[in-house]
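Written below as structure tokens is the structure these notes are about.
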Amino acid sequence: MEKENIAVGLDIGTTKIVAMIGKKNEYGKLEILGIGKSKSLGVARGVVNNITQTIQSIQQAIQEAENNSGYKIKDVVVGIAGQHIRSIQHTDYISRNNPEEVIGENDIQLLIDQVNKLAMLPGEEIIHVLPQEFKIDGQSEIKEPIGMYGGRLESSFHVVVGQASSIRNVGRCIQSSGIELSGLTLEPLASADAVLSQEEKEAGVALIDIGGGTTDLAIFKDGIIRHTAVIPFGGNVITDDIKEGCSIIEKQAELLKVKFGSAWPGENKDNEIVSIPGLRGREPKEISLKNLSKIIHARVVEIIDQVFTEVKAYGHEDPRKKLIAGIVLTGGGAQLKHIKQLVEYITGMDTRIGYPNEHLAGNSDEEISSPLYATAVGLVMNSIQNNSQSALRMDAIEPPKATVYRAPVVQNYEVEVPVVEVEEEVKPVSTGDKIQRSFFDRYVDKIKDFLDNAE
């Protein structure tokens, strides 16, 4: 029987934690086997600030996913986000000893390792080193250098940097939840895998993932990642504004935003009113939908302005860097009514809502193809690329073998020593062997070593 490659993604967000188990079907589409979600306690703006609560939330999501799927989770690919993430552009080169020898993967790895040695600010570590265009002996705009000849190999890199302590805290939470960490991925890159087409990445596109605590941006052009940013505002600040502006509790504010909220105030008439039950026998509170949408509009405009500043910083106004495919909105915040029209109005760029359904199997649950789960779907896709065996069928897990004792035999008043026969339990390999391990795999190993030595 052929081994099933079961992949697991874990999205640790500010408002929710999602564990998703999936595999590729015979058509190459992603079949979701189980999903578990829990309220995220202990995470603020994408950063863990209470390890105990985060562990409980992770365990709850994992348990639900296991119960739904009938699989036991062993390891996960986790998304990294948070306000501590920043990106830089860097150019580096190596001089090759023999220019007549074909450039291979080892040369590119050597170049990536060299970039990895860059001096960072105190407490910061490099998360991703993403090569862009290569240059060989002065010849520029080379996308695939392997197989070419040359003495000087040069490349521009997109380097993603984050706070080492924040990343290690995520690693600690996962390890303490009783599962292994098999990979780390920047959340906007995972979302991009789930909702963007290759044509959009070639033409030039900005992906805006509006989460609960942060808004993530990833810009692609010519099929290459050009810019990433994490803005420390998301849906939670909109909820907070409604709570303050309407003098209601947070739960009611969130419900108002989801059910009646709109990013476009002109749509609501003055006489449209919603009645909110009062607290502990108090009179119900009446709230004008026009005022509600004005509060939402003001905060959404602020978020989009900050994102658009990052898009302009990338150089969108330069004709050669123009993002022809415009903007793709995803994440929970993309479900806000009329947000697409508002983004188009502010930026003047074509906009669409990004759903992860392109990569999902046809019989997938409608809920899973919501923008809310874009990051989780992208993380499962990332785990599949690792050719991993991240979960096992519950019925395939054998209980530990019982220890067999041979009864002592009495001969000539001498007692034989009891012989203990123990069958050695064979542990399944969690992730398939890879021919070449990327820098990022080794970075995960570094975190594991740190966690092992922290005791």
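Note that the structure is a prediction, hence the values are computed from the model and not measured.
- In this structure, Val343 and Phe308 have side chains that are not in contact, with every pair of non-hydrogen atoms separated by 4.5 Å or more.
- Between Trp264 and Tyr345, the ring planes are perpendicular. Angles over 60° get that label, and only those under 30° would be called parallel.
- Counting only heavy atoms from C-beta outward, the side chains of Lys340 and Ile353 approach each other to under 4.5 Å.
- Within 6.0 Å of the CD atom in Glu250, the count of heavy atoms belonging to other residues, nucleotides or ligands does not exceed 12.
- The side-chain heavy atoms of Glu105 and Ile108, taken from C-beta on, include no pair separated by under 4.5 Å.
- For the residue pair Ile85 and Gly162, the shortest heavy atom distance occurs at CD1-CA, 4.3 Å.
- With a 6.0 Å radius and a threshold of 12 heavy atoms from other residues, nucleotides or ligands, Glu141 has its CD atom at or below the threshold.
- By the side-chain contact (heavy atoms from CB on, under 4.5 Å) test, Gln341 is found to be paired with His338, residues two or more places apart in sequence or in another chain being considered.
- The two residues Leu342 and Ala263 have their closest heavy-atom pair at CD2-O, 3.7 Å.
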Quiz prompt | Stepwise side-chain hydrogen bond (donor to acceptor under 3.5 Å, both in side chains) check, Ser177 with Gln59 | solution = CA-CA 6 Å; Ser177 301; Gln59 285 173 333; 4.8 Å; no
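- When the options Ile167, Thr54, Ile55 are evaluated for a side chain to side chain contact (heavy atoms under 4.5 Å, CB included) with Val48, the one that passes is Thr54.
- For the pair Leu153/Pro145, a side-chain contact is recorded, criterion being any heavy-atom separation below 4.5 Å from C-beta on.
- Closest approach of His316 to Leu323, counting heavy atoms only: ND1-N, 3.4 Å.
- Closest heavy-atom contact between Ser191 and Asp209: OG-OD2, 2.7 Å.
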Scan the side chains in residues 16-23 for donor-acceptor partners under 3.5 Å anywhere in the protein, sequence neighbours excluded, and list what turns up.
{"unit_1": "Lys16", "atom_1": "NZ", "unit_2": "Leu372", "atom_2": "O", "d": "3.4"}
{"unit_1": "Lys23", "atom_1": "NZ", "unit_2": "Glu4", "atom_2": "OE2", "d": "3.0"}

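- Using a 3.5 Å distance cut-off with no hydrogens or angles, the side chains of Ser38 and Glu64 do not pair a donor with an acceptor.
- In summary, Asp193 and Lys201 engage in a salt bridge, as defined by a charged side-chain N under 4.0 Å from a carboxylate O.
- In this structure, Glu133 pairs ionically with Arg226, as a charged nitrogen and a carboxylate oxygen lie closer than 4.0 Å.
- Taking both residues in full, the closest heavy atoms of Val380 and Val8 are given as CG2-C, 4.5 Å, listed atom of the first, atom of the second, then distance.
- Closest of all the heavy-atom pairs between Asn49 and Ala44 is ND2-CB, 3.3 Å.
- Atom NZ of Lys290 sits in a crowded spot, with more than 12 heavy atoms from other residues, nucleotides or ligands closer than 6.0 Å.
- The backbone N or O of Ile35 lies less than 3.5 Å from a partner atom in the side chain of Asn68, making a donor-acceptor pair.
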